[in-house]
Amino acid sequence: MPELPEVETTKRGLEPLIVSKIVNRVILHRDNLRWEIPKHLKTTLANQIIVDINRRGKYLLIQFKVGTLIIHLGMSGSIKVVDSIEALKKHDHFELELTNGKSMRLNDPRRFGAVLFSEGGSHVLLDSLGVEPLESDFDESYLYVRSRKKTQNIKAFIMDSKIVVGVGNIYACESLFACGIDPERKAGGISKAHYQLLTQCIKTILTQAIKAGGTTLQDFSQVDGSPGYFTQTLNVYGREAEKCSACNGKISRIIQNQRSTFYCKSCQS
DNA sequence: CTTGTCACCTGAGCGC
DNA sequence: TGCGCTCAGGTGACAA
């Protein structure tokens with residue numbers, strides 16, 4: 001599900017609802033997601049004030065004085081803040097009950113997400129992450145240098161979180177369409193000029209998607225329950241056999257690295 | 001080191 | 001209605 005725009009949308013939605021609020025208790029409705037949820041959170045975070053919320057790649061970082069609660073939404077996760085007395089939904093797995101009568105609930109049907117904790121703020125899962133795509137250090141020189149001699153396809157390259165974080169299957173497809181690059185091209189053979197186009201397209205598309213509240217396919221919703229509206233802006237993703245918005249061609253779907261890739265054979269080369 | 005594949009899990013949608 | 005199949009916003013752990 002959630003790529004960078006969806007996680008950023010979640011972060012922005014949560015911020016006014018949980019920052020400066022106090023945790024009454026932590027409730028584990030199951031003891032694991034992708035990994036075991038630390039049991040000590042019940043005692044560690046009880047009565048603690050939420051100091052801040054941040055995002056690193058697709059990770060949400062909820063800051064406490066005693067450390068950082070790290071949440072990943074996996075493929076199907078979403079977070080809502082509801083009245084604590086509201087009935088649990090199916091697949092609500094983790095809950096921060098606040099002292100103001102509200103609860104932050106993590107719902108994740110497929111359970112590929114994670115709830116972790118770091119005392120110091122750093123974590124092995126965050127240590128080797130690449131640059132943020134919306135920061136200025138993500139530019140054509142960065143991608144050009146890192147891609148030399150790489151034989152993998154350009155789509156896998158920009159989806160590699162050790163290179164750049166937050167670009168998932170939807171936005172990789174959309175970005176490559178926007179700048180006219182064939183997703184099957186080898187990353188190492190792409191010119192600096194094309195990398196400039198690509199970085200600009202990634203930045204533009206992610207920014208527009210955040211503005212639209214993200215993309216909703218099935219599971220994702222914003223913190224208030226409303227869907228993301230970027231779905232209607234998608235040019236190729238999920239549009240196999242439909243007409244290309246830029247030419248008379250048909251959108252193709254191929255499989256790359258076990259994932260569907262949508263693109264236009266005549267617009268992308 | 002790099003690249004590609006598998007595994008984790010539930011649910012929606014489709015053809016029969 | 002039901003069954004079996006395919007597909008789905010991610011990514012760590014492996015094998016090659």
Side-chain angles (χ1 to χ4, degrees), chain A residues 1-11 29-37 55-60 70-79 89-93 106-116 123-130 133 146-176 183-189 202 205-206 208-210 212-222 227-234 236-241 253-262:
Chain A
M1 116 353 73
E3 302 182 35
L4 185 147
E6 292 73 38
V7 180
E8 180 66 21
T9 295
T10 301
K11 181 237 162 189
H29 299 294
R30 73 156 24 236
D31 58 17
N32 73 300
L33 292 171
R34 182 170 187 180
W35 297 288
E36 184 174 20
I37 301 173
R55 177 190 59 73
R56 175 74 175 103
K58 296 171 188 167
Y59 293 91
L60 282 170
I70 301 169
I71 297 178
H72 195 288
L73 299 177
M75 284 280 262
S76 58
S78 61
I79 294 176
K89 295 256 167 51
K90 192 174 186 182
H91 306 302
D92 279 347
H93 303 309
L106 170 65
N107 186 283
D108 185 5
R110 293 177 72 181
R111 307 203 301 271
F112 291 167
V115 175
L116 301 164
H123 192 281
V124 281
L125 292 179
L126 306 177
D127 286 343
S128 53
L129 292 179
R146 299 287 298 255
S147 64
R148 290 312 88 183
K149 301 193 175 172
K150 293 247 181 199
T151 58
Q152 64 180 170
N153 63 65
I154 182 61
K155 186 194 176 210
F157 179 63
I158 60 172
M159 287 179 70
D160 182 351
S161 64
K162 289 178 172 45
I163 303 293
V164 56
V165 295
V167 181
N169 207 31
I170 294 178
Y171 300 110
C173 291
E174 293 297 317
S175 300
L176 290 168
E184 296 201 281
R185 284 186 64 185
K186 305 295 179 203
I202 290 173
I205 286 172
L206 292 178
Q208 288 174 346
I210 291 168
T215 296
T216 294
L217 297 182
Q218 288 167 32
D219 303 294
F220 179 73
S221 69
Q222 300 186 51
Y229 295 100
F230 196 70
T231 315
Q232 53 210 67
T233 311
L234 299 177
V236 288
Y237 186 87
R239 297 191 182 279
E240 182 183 14
R253 180 171 81 98
I254 59 171
I255 303 295
Q256 292 182 288
N257 310 83
Q258 348 266 87
R259 312 292 297 277
S260 284
T261 296
F262 299 89

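A, B, ... follow the sequence lines: proteins, then strands. Residue 1 opens every chain.
For Gln152(A), no side-chain nitrogen or oxygen approaches OP1 or OP2 of dT2(B) to under 4.0 Å. Dashed line: the shortest gap from a side-chain N or O of His72(A) to OP1 or OP2 of dT11(C) is under 4.0 Å. Under 4.0 angstrom from either OP1 or OP2 of dG10(C) there lies no side-chain N or O belonging to Ser161(A). One finds a side-chain N or O of Thr151(A) lying less than 4.0 angstrom from the OP1 or OP2 phosphate oxygen of dT3(B). Within the 4.0 Å cut-off from OP1 or OP2 of dC7(C), not a single side-chain nitrogen or oxygen of Arg259(A) is found. Proximity of Arg110(A) to the phosphate of dA8(C): no side-chain N or O atom is located under 4.0 Å from OP1 or OP2. For His91(A) and dG11(B), the shortest distance from a side-chain N or O to OP1 or OP2 is below 4.0 Å. Between Lys149(A) and the phosphate of dT2(B), there is no side-chain N or O to OP1/OP2 separation shorter than 4.0 Å.
Taking a centre distance below 5.5 Å and an interplanar angle below 30 degrees as the stacking criterion, Phe112(A) does not stack against the six-membered base ring of dT11(C).
Lys162(A) has its NZ atom 11 Å from the P atom of dT2(B), to the nearest Å. Across the protein-nucleic acid pair, Tyr171(A) atom OH and dG10(C) atom C1' stand 14 Å apart, rounded to whole Å. Here dT3(B) presents its P atom at 12 Å from CD1 of Ile154(A), a figure rounded to the nearest Å. Between the CZ atom of Arg148(A) and the P atom of dT2(B) there is a distance of 15 Å, given to the nearest Å. For the pair Gln258(A) CD and dT3(B) C1', the computed distance is 12 Å after rounding to whole Å. At whole-Å resolution of the value, CD in Gln256(A) and P in dT3(B) are 14 Å apart. Nucleotide dG10(C) holds its P atom 18 Å from the CD1 atom of Ile71(A), rounded to whole Å. Here dG4(B) presents its P atom at 13 Å from CD1 of Ile254(A), a figure rounded to the nearest Å.
Between the CZ atom in Arg239(A) and the SG atom in Cys173(A) there is a gap of 12.5 Å [rounded to 0.5 Å]. For the atom pair CG (Leu60(A)) and CD (Glu8(A)), the distance works out to 9.0 Å, reported to the nearest 0.5 Å.
At a threshold of 4.5 Å between non-hydrogen side-chain atoms, the residues Ile205(A) and Thr233(A) do not count as touching.
Here the options are Val7(A), Leu116(A), Ile71(A), Leu129(A), the test is side-chain contact (heavy atoms from CB on, under 4.5 Å), and the partner is Tyr59(A); only Leu129(A) passes.
Residues Gly213(A) and Thr9(A) share a closest heavy-atom pair of C-OG1, 3.5 Å.
The pairing partner recorded for dA13(C) is dT5(B), the criterion being a Watson-Crick or G-U wobble arrangement whose two distances lie under 3.5 angstrom.
Both Arg34(A) and Lys90(A) sit near DNA chain B, but only Arg34(A) has its closest nucleotide nearer the 5' end.
The separation of dC9(B) from dC3(C), taken at their P atoms, amounts to 22 Å, rounded to a whole angstrom.
Between Tyr171(A) and Phe230(A), the ring planes lie tilted relative to each other; the angle falls in the 30° to 60° range.
Nucleic acid contact class of Phe157(A) (heavy atoms, under 4.0 Å, all strands): none.
Here the side chain of Lys150(A) is nearest to one of dG11(B), dA8(C), dT3(B), namely dT3(B).
Side-chain to base pairing of Arg111(A) with dT10(B): no donor and acceptor N or O lie closer than 3.5 Å to each other.
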